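Notes to accompany the following structure.
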Amino acid sequence: MQVETRLLTPEAEHLAYAAMRLAQGHLVAMPTETVYGLAANARNADAVARIYEVKGRPSFNPLIVHAPDLPTAETIGIFNNQAKQLATTFWPGALTLVVPLLPESGIASIVTAGLDTIAIRVPAHPVAQDLLHAFGGVVAAPSANLSGRISPTTAAHVMGGLDGKIAAVIDAGPCEVGVESTIIGWQAGRPVLLRPGGIPIEAISDSLGQAVTLPAANMDPSRPAAPGMLSSHYAPQASVRLNAKAAEDGEFLIGFGAVTGDITLSATGDMVEAAAKLFDTLHRADETGRPIAIAAVPSNGLGRAINDRLRRAAAPR
Ligand code: TXA
Ligand code: MG
């Protein structure tokens, strides 16, 4: 779908316009101190699904949610003492913290890819701050580039990939840091480095008075070390059968298009709707305790990412 992408400058009227577009479920590229981010209302599943659509991402990785400050971050995540210490020391700044998701956060499940943790960061860039305040909510924002391309550090980079696909780009000049944020999470109560980035790991270890290590999965050579790795994704307890036309003995059927299930990803075959509902639907199916069957979903557009996720859900484990 071709849209007119407005190139905005960081003055108040333009930011009010960008905030309005976010509230309407549209995508806006915003400057941050690390790289330009492609922002969507993190509480609007369809809007977040469109991030995947316009980036042409072949899989669903959990996304970073951007908040204006720590008190707002505490309305979506649960901060232990170490997380609070790091937030107080490094926010606003190039640090992302992966913390338990607050159950009543209202964050769309496609943001966390169905996980019960959430990645949160408070950006330091004054324009990102102004936009978040004007919007009055929190935004999911991966780097504003096409999948597989270089992260954008200028508005021109963003326009090069996304012109005609998103509502607006706010041009605030080049990003200062130029690499993505450092991501810290906790495993068995210990701080781990999930992605090196704009803040050196030594500074984080110093602040905690404790060495931050690599996550356990990264030290096991038989398992992939890349972020968004398989093991970090939500997988249903039950067995999953793909390309189902009808339910077989006791199965809970997830429909799509003409296949009407116990529940459907999209009765009309709408890929944005299907992506937006995917993780909630898997959770709901799993909660029945029955084996799960899922109708075929075509592989065009967002279908690639949906099918990637479904194949992982169905993989033997
Ligand atoms: O600098 C940045 O962080 C940029 C700017 C735009 O703010 N944003 C960015 O966002 O890089 P994104 O959404 O592309 O980063 C996603 C990374 C992935 O590596 C993903 O695996 C990790 O965050 N991540 C997100 N949620 C996670 C979770 N619950 N558990 C583990 N890793 C998570
Ligand atoms: Mg990226």
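Counting starts at 1 for both ligands and their atoms, in listed order. Everything numeric here is computed off the predicted structure, so don't read it as measured data. Along the sequence shown, residues carry numbers from 1.
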Original post:
Any N/O of Arg121 closer than 3.5 Å to an N/O of ligand 1?
Top reply: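 For ligand 1, there is an N or O atom that lies under 3.5 Å from one belonging to Arg121.
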Original post:
Taking Glu33 for the side chain and Ala124 for the main chain, is one N or O donor matched with an acceptor at less than 3.5 Å?
Top reply: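 Present.
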Subject >> Check: Ser151 main-chain N/O paired with Tyr36 side-chain donor or acceptor under 3.5 Å >> reply: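 Side chain of Tyr36 to backbone of Ser151, a donor-acceptor pair under 3.5 Å: no, none is there.
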Give a yes-or-no answer on whether the side chains of [X] and [Y] include a donor-acceptor pair shorter than 3.5 Å.
X	Y	value
Arg21	Gln24	yes
Ser143	Asn145	yes
Thr96	Arg195	no

Specify side chain, backbone, both or neither for [X], according to which of its non-hydrogen atoms lie closer than 4.0 Å to ligand 1.
X	answer
Lys55	neither
Ile183	side chain
Thr34	side chain
Asn61	neither
Ala141	backbone
Val98	side chain

Numbering as shown, the atoms of ligand 1 that approach [X] to under 4.0 Å (heavy-atom distance):
X	answer
Gly37	6 (C)
Arg57	14 (O)
Thr117	28 (C), 29 (N), 30 (N)
Leu115	28 (C), 29 (N)

Original post:
Taking NZ, NE, NH1 and NH2 as the nitrogens, is one of them in Glu180 or Arg121 under 4.0 Å from a carboxylate oxygen of the other?
Top reply: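 No salt bridge links Glu180 with Arg121.
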Original post:
Thinking salt bridges, do Arg304 and Asp308 make one under a 4.0 Å N-O criterion?
Top reply: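 So Arg304 does not pair with Asp308 through a salt bridge.
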Original post:
Would you say Asn81 has more than 12 foreign heavy atoms packed within less than 6.0 Å of its CG?
Top reply: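 Count not over threshold, so no.
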If the contact criterion is a heavy-atom separation under 4.0 Å, does [X] count as touching ligand 1?
X	value
Thr112	no
His125	no
Met30	no

**OP:** Verify the distance test for Ser143 against the Mg ion (ligand 2): any N/O/S atom under 2.8 Å, yes or no.
**Re:**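 So Ser143 does bind the Mg ion (ligand 2) by this criterion.
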Subject >> Trp186 and its side-chain contact (heavy atoms from CB on, under 4.5 Å) partner, picked from Val99, Leu194, Thr117, Val98 >> reply: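 Answer after filtering Val99, Leu194, Thr117, Val98: Val99.
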Subject >> Nearest candidate to atom 18 (C) of ligand 1, where distance is taken over non-hydrogen atoms, out of Gly178, Gly197, Gly114, Pro62 >> reply: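 Looking at heavy atoms only, Pro62 sits closest to atom 18 (C) of ligand 1.
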Original post:
Is there side-chain contact between Pro191 and Ile204, with heavy atoms separated by less than 4.5 Å?
Top reply: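 Sidechains of Ile204 and Pro191: no contact.
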